[in-house]
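Here is the structure we will look at, set down as structure tokens.
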Amino acid sequence: MKLVFKTPAKINLGLFILGKRPDGYHDLETLFQMVSLYDTVELESLANRIELVCDDPRVPIDESNLMIRAARRLQETVPEKTGLGCRMVLKKKIPMGAGLGGGSGNAAGVLRGLNRLWDLKLQTAALSEIAAELGSDIPFFLCAPSALGQGRGERLTALPPPKKFHVILVFPRVSMATAEVYQALNFDLTKNSKNINILREFFSQSNIASLGAHLHNDLEPVVIQRLPVITRIKQKLNSLNADGTLLSGSGSVVFGIFENSQEAREAYARCGEEDWDTFLTETVSSFSEFMPENLLNYP
Ligand code: C5P
């Protein structure tokens with residue numbers, strides 16, 4: 001059997017840092033949303049060996065790769081099953097070091113896909129536990145297209161998807177390292193009274209204009225200090241009638257949201273004139289938009 005499926009990118013419509021924890025991570029509240037930019041993953045059984053190939057030479061294909069780590073962790077949970085292995089092929093479209101969770105989505109896809117391929121019958125709760133050990137953003141990709149994340153981002157509440165809206169992703173072709181961005185966070189700056197509730201409210205009402213006006217990311221000022229181009233991208237998207245713009249996660253992608261499809265298409269064309277990689281996407285409302293049936297309905 002060969003499994004072929006897509007794994008999506010995410011944006012954070014809100015990211016509020018609540019405090020630093022003894023374990024070095026930060027407690028946060030975030031509003032995750034999947035968007036329709038996808039990598040493709042192929043999985044095939046291979047006795048006793050785990051292999052990864054990728055069409056993008058910048059992707060590390062050694063033991064540091066989250067897909068390989070996910071496969072190994074899954075293997076360890078079923079020591080009684082001998083001979084398990086797989087060949088994984090990754091076709092990369094989602095920019096890396098971009099704050100779009102591409103690698104996290106790939107890892108979540110491997111957990112889900114190998115659960116099926118190896119017929120392990122693990123429930124989502126068990127997969128999510130492994131996912132949280134591998135990275136803070138990975139459980140989200142197993143949860144729902146829209147979700148509230150708390151704790152490190154791994155404690156999730158699925159949210160009903162709002163009416164679809166358009167999202168332009170602009171990657172300035174520079175990557176950010178997540179750990180460095182969090183380290184540079186000046187904690188006093190984040191002791192503000194803002195919280196995610198108002199954003200959640202507008203999100204649930206599909207009030208895109210108000211949602212756009214209240215997008216917030218505590219990491220954005222940190223990244224703007226290092227990458228002034230972020231401000232230029234925001235200005236450009238705003239001048240092209242975006243309902244709102246924000247840095248996604250720890251960057252470097254800036255996204256603009258648009259209720260109006262004509263305006264989104266125009267803005268996409270205009271951003272394409274710059275030295276940036278630009279993607280026109282829309283919000284994902286259901287796993288069935290990108291996942292084949294044999295994965296959707298398993299176990
Ligand atoms: O969990 P993940 O490996 O994706 O996190 C990468 C880095 O981002 C962590 O090592 C940590 O420095 C930072 N981080 C954080 N608080 C979070 C999530 C990530 O400080 N909630």
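Each ligand, and each atom within it, is numbered from 1 in the order the structure gives.
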Legend entry - Identity and distance of the protein heavy atom lying nearest atom 9 (C) of ligand 1: Y25 CE2, 3.8 Å
Nearest heavy-atom pair of [X] and [Y]: which atoms, and what distance?
{"X": "Y298", "Y": "D119", "result": "OH-OD1, 2.7 Å"}
{"X": "L127", "Y": "R112", "result": "CD1-CA, 4.2 Å"}
{"X": "L111", "Y": "I130", "result": "CD2-CG2, 4.0 Å"}
{"X": "F141", "Y": "F287", "result": "O-CE2, 3.6 Å"}

Inset, instruction - Consider ligand 1: state whether an atom of it lies below 4.0 angstrom from any non-hydrogen atom of L28. - result: yes
Legend entry - Sub-4.0 Å heavy-atom approach of S250 to ligand 1: no
Inset, instruction - Check each heavy atom of Y182 against ligand 1 and say whether those closer than 4.0 Å belong to the side chain, the backbone, both or neither. - result: side chain
Contact atoms of ligand 1, heavy-atom distance to [X] under 4.0 Å:
{"X": "G24", "value": "20 (O)"}
{"X": "G135", "value": "1 (O)"}
{"X": "T178", "value": "8 (O)"}
{"X": "S136", "value": "1 (O), 2 (P), 4 (O), 18 (C)"}
{"X": "H26", "value": "15 (C), 16 (N), 17 (C), 20 (O), 21 (N)"}

Inset, instruction - Consider every N or O of R152 and every N or O of ligand 1, then say whether any pair is closer than 3.5 Å. - result: yes
Inset, instruction - Verify ring-ring contact (aromatic ring centres under 6.0 Å, His included) between F290 and Y38, making sure each step is shown before the conclusion. - result: CA-CA 8 Å; F290 64 89; Y38 302 102; 5.6 Å; yes
Inset, instruction - Check whether any side-chain heavy atom of M34 sits under 4.5 Å from a side-chain heavy atom of F140, and report yes or no. - result: yes
Inset, instruction - Look at the side chain of N106 and the backbone N and O of M67, then say whether any donor-acceptor pair between them is shorter than 3.5 Å. - result: no
